[in-house]
Amino acid sequence: MSRWKELPAELHPDVHHLIVRLRRLKDRSELSTRRLAARTGYSAKSWQRYLNGRSLPPREAVESMARVCGDDPHRLLVLQEIAAQRWSEGRGVTAAAEDVTATPEQTPTEHQRQARHLRVAVTAAAVVTALSVTTALLLAVRLTETRAQLAHERNGVVATGVATVSESLVPVIYTCKLEQRDGHWYAGLSRTTNILLSNTHVGLEVAEAQCLLQRAGTEPGDIDGVFGPKTRRAVERMQKRSGLIVNGVIDPPTWQALREAAPR
């Protein structure tokens with residue numbers, strides 16, 4: 001027979017009666033607290049609180065204990081319901097609310113792992129969304145700032161269609177005036193050989209690179225001076241074909257390959 005601690009004097013008689021019944025049931029089953037915890041899914045510390053009157057055992061715990069110990073759970077559940085009402089009226093309202101919502105314990109490391117994975121997933125999604133929005137806004141701002149000045153920088157370049165810079169920011173389409181000088185190709189828009197160009201860049205240098213990509217047989221789409229997805233894919237195909245590092249960025253080695261490439 002277990003030697004139980006005296007229950008708190010302030011416990012309501014209905015709560016006291018429930019705990020005494022649970023103690024007797026445990027004694028009759030001859031289960032240790034650890035074995036009871038293993039069979040019911042509630043920790044040994046939880047059962048110590050329940051059976052010593054520090055917390056009210058939740059309905060699920062009472063039912064699980066009755067079944068494990070071979071007793072009819074219906075009478076105990078009635079006692080638990082009455083005790084829960086008394087408990088909420090007096091001592092231990094906070095503790096009762098906490099334990100009533102308790103579920104069989106998970107391994108702490110498993111619970112922490114699940115929470116950590118959820119936080120990582122939510123954070124990653126937020127970062128991806130923020131980066132996408134930032135990139136779109138950056139491109140829009142740069143387009144707005146540079147479209148107006150492109151008309152002044154074209155230096156006589158003739159458009160192939162209706163492509164004027166206006167308040168509505170209609171895209172500018174450039175004509176490629178290809179010529180070869182000293183073994184290098186130029187399109188009449190820029191003579192640069194070292195400016196780095198990548199996503200969100202706009203301007204005459206981008207249009208020059210688009211002309212050279214088109215001449216080399218890797219179609220970049222419209223010659224509009226905007227470094228977008230089509231231009232990036234064309235750069236990657238050009239880099240792969242030329243044995244360069246495939247990164248989708250027009251760097252000095254890529255400029256050299258574009259200036260020297262034979263048309264296909």
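All heavy atoms count here, side chains included; hydrogens, waters and symmetry mates do not.
Sorted by first and then second residue, the salt bridge (Lys or Arg N to Asp or Glu O under 4.0 Å) pairs involving residues 29-47 (not counting sequence neighbours) form an empty list. Here disulfide (SG to SG under 2.5 Å) pairs that include residues 4-69, with residues two or more places apart or in two chains, number zero. The list of disulfide (SG to SG under 2.5 Å) pairs with a residue in residues 36-67, not counting sequence neighbours, is empty. Screening residues 180-234 for disulfide (SG to SG under 2.5 Å) gives C176-C211 as the qualifying pairs, with residues at least two apart or on separate chains.
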Legend entry - Criterion side-chain contact (heavy atoms from CB on, under 4.5 Å) on L11 and R86, from CA distance to verdict: CA-CA 9 Å; L11 282 181; R86 301 293 182 245; over 6 Å; no

Inset, instruction - Would you sort out whether V246 and V235 count as a side-chain contact (heavy atoms from CB on, under 4.5 Å), showing the intermediate values? - result: CA-CA 8 Å; V246 180; V235 172; over 6 Å; no

Legend entry - Working for side-chain contact (heavy atoms from CB on, under 4.5 Å), residues T193 and Q256: CA-CA 7 Å; T193 59; Q256 183 177 356; over 6 Å; no

Legend entry - Pair L213-E219, side-chain contact (heavy atoms from CB on, under 4.5 Å): steps then yes or no: CA-CA 6 Å; L213 286 166; E219 183 60 48; over 6 Å; no

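For A83, the side chain to side chain contact (heavy atoms under 4.5 Å, CB included) partners are V15, L18, L56, not counting sequence neighbours. For E63, the side-chain hydrogen bond (donor to acceptor under 3.5 Å, both in side chains) partners are R67, not counting sequence neighbours. R232 pairs by the salt bridge (Lys or Arg N to Asp or Glu O under 4.0 Å) definition with E236, not counting sequence neighbours. With sequence neighbours excluded, the residues satisfying side chain to side chain contact (heavy atoms under 4.5 Å, CB included) with A37 are A44, W47. With sequence neighbours excluded, no residue satisfies side-chain hydrogen bond (donor to acceptor under 3.5 Å, both in side chains) with D222. Partners of R259 according to the side-chain hydrogen bond (donor to acceptor under 3.5 Å, both in side chains) rule, which considers only residues two or more places apart in sequence or in another chain, are E208. Annotation: ring pair (Phe, Tyr, Trp, His ring centres under 6.0 Å) contacts of W255 (sequence neighbours excluded): none.
When only modelled atom types and interatomic distance are considered, W4 and N52 share no side-chain donor-acceptor pair under 3.5 Å.
Within 6.0 Å of CD on E260 lie more than 12 heavy atoms contributed by other residues, nucleotides or ligands. Within 6.0 Å of atom CD1 in I245, 12 or fewer heavy atoms from other residues, nucleotides or ligands are found, so the atom counts as exposed in its surroundings.
Between K177 and E179, no side-chain nitrogen of the basic residue sits less than 4.0 Å from a carboxylate oxygen of the acidic one, so the salt-bridge criterion is not met.
Closest approach of V62 to Q80, counting heavy atoms only: CG2-CG, 3.7 Å. In terms of heavy atoms, G228 sits closest to N199 at O-OD1, 4.1 Å.
Membership of the apolar cluster around V78 extends to I82, as traced through chained side-chain contacts below 4.5 Å between ILVMFWY residues.
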